[in-house]
There are 2 protein chains.
Amino acid sequence: MDHGNDLRFDRGEQMPERFRRQTSRLLGMTAAQASRVAQSAFASVGAHRWHYGVLAALDESGPGSQSQIADRTGIYRSDLVATLNELVEGGHIERSPDPSDKRRNIITMTETGRARLAELDRVTAGINEHILAPLDEAERERLFALLRRLNDHLSA
Amino acid sequence: MDHGNDLRFDRGEQMPERFRRQTSRLLGMTAAQASRVAQSAFASVGAHRWHYGVLAALDESGPGSQSQIADRTGIYRSDLVATLNELVEGGHIERSPDPSDKRRNIITMTETGRARLAELDRVTAGINEHILAPLDEAERERLFALLRRLNDHLSA
DNA sequence: ATACATCGTTAGTGTCACTAACGCAAATGG
DNA sequence: CCATTTGCGTTAGTGACACTAACGATGTAT
C-alpha cells in the first residue's frame, strides 16, 4: 500500500503556516488541481483544453487568421499550430490560404466543429460545476470578481 | 515595436465570453502571473520558491528526514533532492545521516539558514503585497477562504 | 530467512508558458 | 523601384512544475 506521496493535496496537516499563507502557493495549487480536472474531462472526450478556446473564438468572432485566433484565445502562435492541426484532422475546422494575403491562413469552423463545440460546452459546464461545487452562486461570482481584479492588476 | 504576443494578459479585448468564464482558465492565468512575480522576487535574492518552504518547515516543525520535509512542504521527494543540495551549498541547512536509521538523513537548519529565512520572509511579504495590492484586508481574507474551500474540496 | 516497505536518489514524462529564429510574403520609405 | 522592416505560420527549444518509475540500500514483519 504505497501512499507515500500521491497527488498534491493540502490537508492542513503540518504545513508551515507561513507557507500556507503564501497566496501564490494556494493559487498555484488550486490552479493545478483545477487544471487536472479540466484536462482529464477534455481528455475523456478526446479533446484538449485549447480546442475549446479555438472553437469558442471562431464561434463568437467568426473566421480569422491564426494570429487573430492566437490573440483571441491567448494561446501562443507556436502552440496554436499543433492545436489547429488536430482540429483539422478531426474535421472541426478548415485551414485555407487567404487569397488577399498569401502569408495568412483563414480558419473556419465546420459543421462538425459546431457540434463539437456544443459537446465541449457541456464538458466545460461539467468542469466548472465540479470545480466550483462547494460554492454557491454568490460566492462563485465573488471569487470570479476577485480573481479578475488580481488578474487585471497583474497584467498592467 | 514588437508587441505581437508578449506575456499572457487578459485585457478584455475579444476573448470569447465562454472561454473567459472558464474558472480553470482564470485560475490558471492568475496563478501563472502570481508565479512569475514570486519566482522573479525569489530569483532576485538568488533563491527558489522551494527554499522558503523547506526553511519555514524546519523552523516551524524542527529538524526532520527528507520525506518528512517532503510531506510538510508538498514538494515531491524527487524534487526535494536538488533543493536540499542547494540549501546545503548555501550553508542554510545541514544534511546528516540518522544514526538510528541509516536510510535517513536528518535535515537541520543552520544559523545562516535562520537569517536566510528571515530574509525570505521579507521577500514573500513583498510578493504577497504585490499580488494582492488591489484587494483590501477583508477581500484578501475572502479570497483566501474561497480558494481554501475549493482546494479542500478538490483534494478530497 | 524471506518477503515487503521505506529512504534517498536518478531519470524521465507531460503540460504549460514562453523565446528564438526560420523562410516567406506584404507593407513602408527613400 | 528597390531595400528594409514588419507580420505570418512554423519548428524547435527552454524552464518550471507536477508527477511517475525504478534503483540500491536499509529497515520491519512474518
Side-chain angles (χ1 to χ4, degrees), chain A residues 1-10 24-25 27-40 42-43 48-50 53 64-71 73-85 88 95-107 154-155, chain B residues 1-10 24-25 27-40 42-43 47-51 53 64-71 73-85 88 95-107 154-155:
Chain A
M1 290 299 153
D2 170 9
H3 62 101
N5 58 358
D6 265 331
L7 294 176
R8 193 111 327 209
F9 66 114
D10 184 3
S24 63
R25 183 186 139 77
L27 217 44
M29 203 163 46
T30 314
Q33 288 161 335
S35 178
R36 221 177 13 236
V37 169
Q39 204 181 294
S40 75
F42 280 121
H48 188 277
R49 207 196 208 75
W50 290 338
S65 70
Q66 296 193 190
S67 44
Q68 285 175 322
I69 308 288
D71 287 348
T73 56
I75 303 169
Y76 273 72
R77 290 201 235 70
S78 43
D79 293 328
L80 192 56
V81 178
T83 303
L84 295 184
N85 288 342
V88 166
R95 201 203 243 114
S96 45
D98 183 343
S100 78
D101 184 341
K102 289 183 197 162
R103 293 169 304 176
R104 285 188 186 145
N105 295 328
I106 297 179
I107 310 298
L154 292 170
S155 304
Chain B
M1 296 292 157
D2 170 8
H3 63 100
N5 56 357
D6 263 332
L7 293 176
R8 192 111 328 213
F9 65 116
D10 184 4
S24 64
R25 183 187 139 75
L27 215 44
M29 206 163 45
T30 314
Q33 288 161 335
S35 177
R36 227 183 359 246
V37 168
Q39 206 180 293
S40 75
F42 280 120
H48 188 276
R49 209 197 207 74
W50 290 337
H51 295 176
S65 71
Q66 295 194 191
S67 45
Q68 285 176 322
I69 309 289
D71 288 347
T73 56
I75 303 169
Y76 273 72
R77 288 202 231 76
S78 43
D79 293 329
L80 192 55
V81 179
T83 303
L84 294 183
N85 287 341
V88 167
R95 203 203 244 114
S96 46
D98 183 342
S100 79
D101 185 341
K102 288 184 196 161
R103 293 170 303 178
R104 286 189 183 141
N105 295 328
I106 297 178
I107 311 298
L154 292 171
S155 305

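Throughout, a chain's letter reflects where its sequence line sits, starting with A, and its residues are numbered from 1. Only heavy atoms go into these numbers, but all of them, side chains included; no hydrogens, no water, no symmetry mates.
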**Student:** Measure the spacing between CH2 of A:Trp50 and CZ of A:Phe42 and express it to the nearest 0.5 Å.
**Tutor:**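 A:Trp50 atom CH2 to A:Phe42 atom CZ measures 12.5 Å (nearest 0.5 Å).
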
**Student:** So how far is it from B:Leu154 CG to A:Met29 CE, rounded to the nearest 0.5 Å?
**Tutor:** 10.5 Å

**Student:** Nearest 0.5 Å please: distance from the CZ atom of A:Arg77 over to the CD atom of A:Gln66.
**Tutor:** 10.5 Å

**Student:** Whole Å only: how far is the OH atom of B:Tyr76 from the C1' atom of D:dA21?
**Tutor:**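 B:Tyr76 atom OH is separated from D:dA21 atom C1' by 13 Å.
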
**Student:** Measure the distance from CD on A:Gln68 to C1' on D:dC8 and round it to the nearest whole Å.
**Tutor:**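 So the CD-C1' distance, A:Gln68 to D:dC8, works out to 12 Å.
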
**Student:** Give me the atom names and distance for the closest heavy-atom approach of B:Leu27 to A:Ala34.
**Tutor:**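 Looking at all heavy atoms of both residues, the closest pair is CD2-CB, 3.9 Å.
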
**Student:** Atom CG of B:Leu84 and atom CG of B:Asn105: how far apart are they, to the nearest 0.5 Å?
**Tutor:**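 Rounded to the nearest 0.5 Å, the CG-CG separation comes out at 8.5 Å.
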
**Student:** Using heavy atoms to find the nearest nucleotide of DNA chain C for B:Gly28 and B:Ser65 separately, return the residue whose nucleotide is more 5′.
**Tutor:**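 Result of the comparison: B:Ser65.
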
**Student:** Polar atom pairs between nucleotides 24-27 of chain C and protein, under 3.5 Å, N or O only, would you list them?
**Tutor:**
unit_1, atom_1, unit_2, atom_2, d
C:dA26, OP1, A:Lys102, N, 2.7

**Student:** Is there a side-chain polar atom (N or O) of B:Ser67 under 4.0 Å from OP1 or OP2 of C:dC7?
**Tutor:** yes

**Student:** Once salt bridge (Lys or Arg N to Asp or Glu O under 4.0 Å) is applied, do any residues pair with B:Arg95, and if so which ones, sequence neighbours excluded?
**Tutor:** none

**Student:** Return the value, rounded to whole Å, for the distance between atom CG of B:Leu80 and atom C1' of D:dA18.
**Tutor:** 14 Å

**Student:** Could you give the CD1-to-P distance, from A:Ile107 to D:dC8, as a whole number of Å?
**Tutor:** 13 Å

**Student:** Under a 3.5 Å threshold, yes or no: a donor from one side chain and an acceptor from the other, between B:Arg49 and B:Ser35?
**Tutor:** yes

**Student:** Distance from A:Thr83 atom OG1 to A:Ile69 atom CD1, nearest 0.5 Å?
**Tutor:**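 Here the interatomic distance stands at 11.5 Å.
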
**Student:** Rounded to the Å, how far apart are B:Arg104 CZ and C:dA5 P?
**Tutor:**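 The answer, rounded to whole Å, is 17 Å.
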
**Student:** Classify every nucleotide of nucleotides 10-16 of chain D by which part a protein heavy atom approaches to under 4.0 Å, writing B for the base, S for the sugar-phosphate alone and - for neither, in 5'-to-3' order.
**Tutor:** BBB---S

**Student:** Atom CD in B:Gln68, atom CG in B:Leu80: separation rounded to 0.5 Å?
**Tutor:**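 Result: 11.5 Å between the selected atoms.
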
**Student:** C:dC16 P sits how many Å from B:Leu27 CG, rounded?
**Tutor:** 14 Å

